[in-house]
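Letters A, B, ... mirror the listed sequences (proteins, then strands); counts begin at 1.
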Protein chains: 2
Amino acid sequence: MSVQERKERERADRERLIVATARELAERQGWDAVTTRRLAERIEYSQPVLYSHFRGKREIVGAVALQGAAELAAELRTAAGGADGPRARAAALARAYLDFAERNPAVYDALFRLDGGLAFAEEETPQPLKDAFAALLESLGEVAGDGVHPGLFTEVFWAALHGLATLTRAGRLPPGDVGRRVDLLVDRLAVP
Amino acid sequence: MSVQERKERERADRERLIVATARELAERQGWDAVTTRRLAERIEYSQPVLYSHFRGKREIVGAVALQGAAELAAELRTAAGGADGPRARAAALARAYLDFAERNPAVYDALFRLDGGLAFAEEETPQPLKDAFAALLESLGEVAGDGVHPGLFTEVFWAALHGLATLTRAGRLPPGDVGRRVDLLVDRLAVP
DNA sequence: CCCCGATCCTAGCACCGCTAGACATTCGAG
DNA sequence: CTCGAATGTCTAGCGGTGCTAGGATCGGGG
């Protein structure tokens, strides 16, 4: 059954190509530029091929989001691992998070702004998403403070980071001063 | 010149009708359902009439956003005015903000998630937007703490509220617990 | 070797934001 | 009162979107 295996392998390759192409196009020109026609042209197949891999455009967004979640989790853990002490870890985590959002705006949008058809904060939430949240929780739980539920604290801290990331990039907050904002945030939210 | 006055009045009325209809439609069925065709049909005019009032759809979103900004500012001031003490004011403000976002999701999106073609955090920022931020600043400046720039503090606090509002509504945070999250946020961020 | 099923593409649907140009209506000058 | 101009509105259409039905083509198994 080597023939069938080869076909499956080629199919998997093509699926990866679709996701990578969508991601690159989104990162270069924004998600609005990611149309099924353009995407099909880039991978050198016709449109219907996309629909043999994904139900529709939203699922492609979701695939990019999952890929991004894994990377985000890894970067967060790396940043946290290189810092000494709970507060320093929280600060490093915050900076790494905002850095990721700035360097990968399209992936960040796929994760947290667009609808990729993924379940969040539920039983069926895909593993990479759970893991990214877990990466936050690992470091932030240490600075939640006594009597404060670590999960709740992480949610609030995360929301603050998300707000900073989105408002800054949407031009709602003046650029610059990012460092001072995150310093203030960590200084106040994290328990000494 | 009474005739001309009447025409101008009717024109202004129609413009208000467009904005109100767009807002209602967006609030009922989401901004995706607000198409120029549907909007034109609802106001019982043809599509090109919309373009004699607004440059395009984005400007209609912007008009809804400005309307919403004025309402948000008013609600924030009302909430803050009914609380005693700086911390209580900050807490009331936070609750009012999240309440507004929950009760007017489409307006909130027009303000802070969609592109309405409005300038933010700049010289040319429309007055209602500046005023809404000022309403935040009035109450939050009191709890910024010594040596902390009130504007910077307000930006961070606002970002946290925005994060909570958007992540909750997008299903990224489990519903419920909103009260506990905002309690934690105010408790930590606001200086005693 | 030939047939048949899997695979892929062409062509098209209904909808989108937006606009050119025809049409009607109203206004103001003579 | 008449008639041309200006104003206002609509019909029709352009190029784009996500998505899909149905026919052509290709390659492996009998």
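Rounded to an integer number of Å, the gap from CD of Glu15(A) to P of dT7(C) is 14 Å. Remark: P of dG17(C) and CG of Leu114(B) are 13 Å apart, rounded to the nearest angstrom. Between Leu50(B) atom CG and dG17(C) atom P there is a gap of 10 Å when expressed in whole angstrom units. Rounded to whole Å, atom C1' of dT19(C) lies 18 Å from atom CZ of Phe54(B). Here the P atom of nucleotide dT11(D) and the CD atom of Glu41(B) are 12 Å apart, to the nearest Å. Atom pair Ile18(A):CD1 and dC8(C):P shows a separation of 10 Å (rounding to whole Å applied). In this structure, His53(A) atom NE2 and dC19(D) atom P are separated by 15 Å, rounded to whole Å. Rounded to a whole Å, the CD atom of Glu10(B) is 17 Å from the P atom of dT7(D).
Between Arg14(A) and dC8(C) there is a side-chain polar atom (N or O) within less than 4.0 angstrom of OP1 or OP2.
Sorted by first and then second residue, the pairs that involve residues 59-70 of chain B and meet salt bridge (charged side-chain N to carboxylate O under 4.0 Å, His left out), not counting sequence neighbours, are Arg55(B)-Glu59(B). Legend: salt bridge (charged side-chain N to carboxylate O under 4.0 Å, His left out) pairs involving residues 156-178 of chain B, not counting sequence neighbours, sorted by first then second residue: Asp109(B)-Arg169(B), Asp177(B)-Arg180(B). For residues 128-146 of chain A, the salt bridge (charged side-chain N to carboxylate O under 4.0 Å, His left out) pairs, not counting sequence neighbours, are Arg77(A)-Asp131(A), Arg77(A)-Glu138(A), Arg89(A)-Glu142(A). The salt bridge (charged side-chain N to carboxylate O under 4.0 Å, His left out) pairs that include a residue from residues 29-49 of chain B number zero, where partners must be two or more places apart or lie in different chains.
Proximity of Trp158(B) to Phe112(B): side-chain heavy atoms (C-beta onward) are separated by under 4.5 Å at one or more points.
Legend: residues meeting side chain to side chain donor-acceptor pair (under 3.5 Å) with Gln127(A), ordered by chain and number and at least two apart, are absent.
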| For nucleotides 12-18 of chain D, read 5' to 3', which letter fits each nucleotide if B means a protein heavy atom sits under 4.0 Å from the base, S means only the sugar-phosphate is that close, and - means neither? | -B---BB

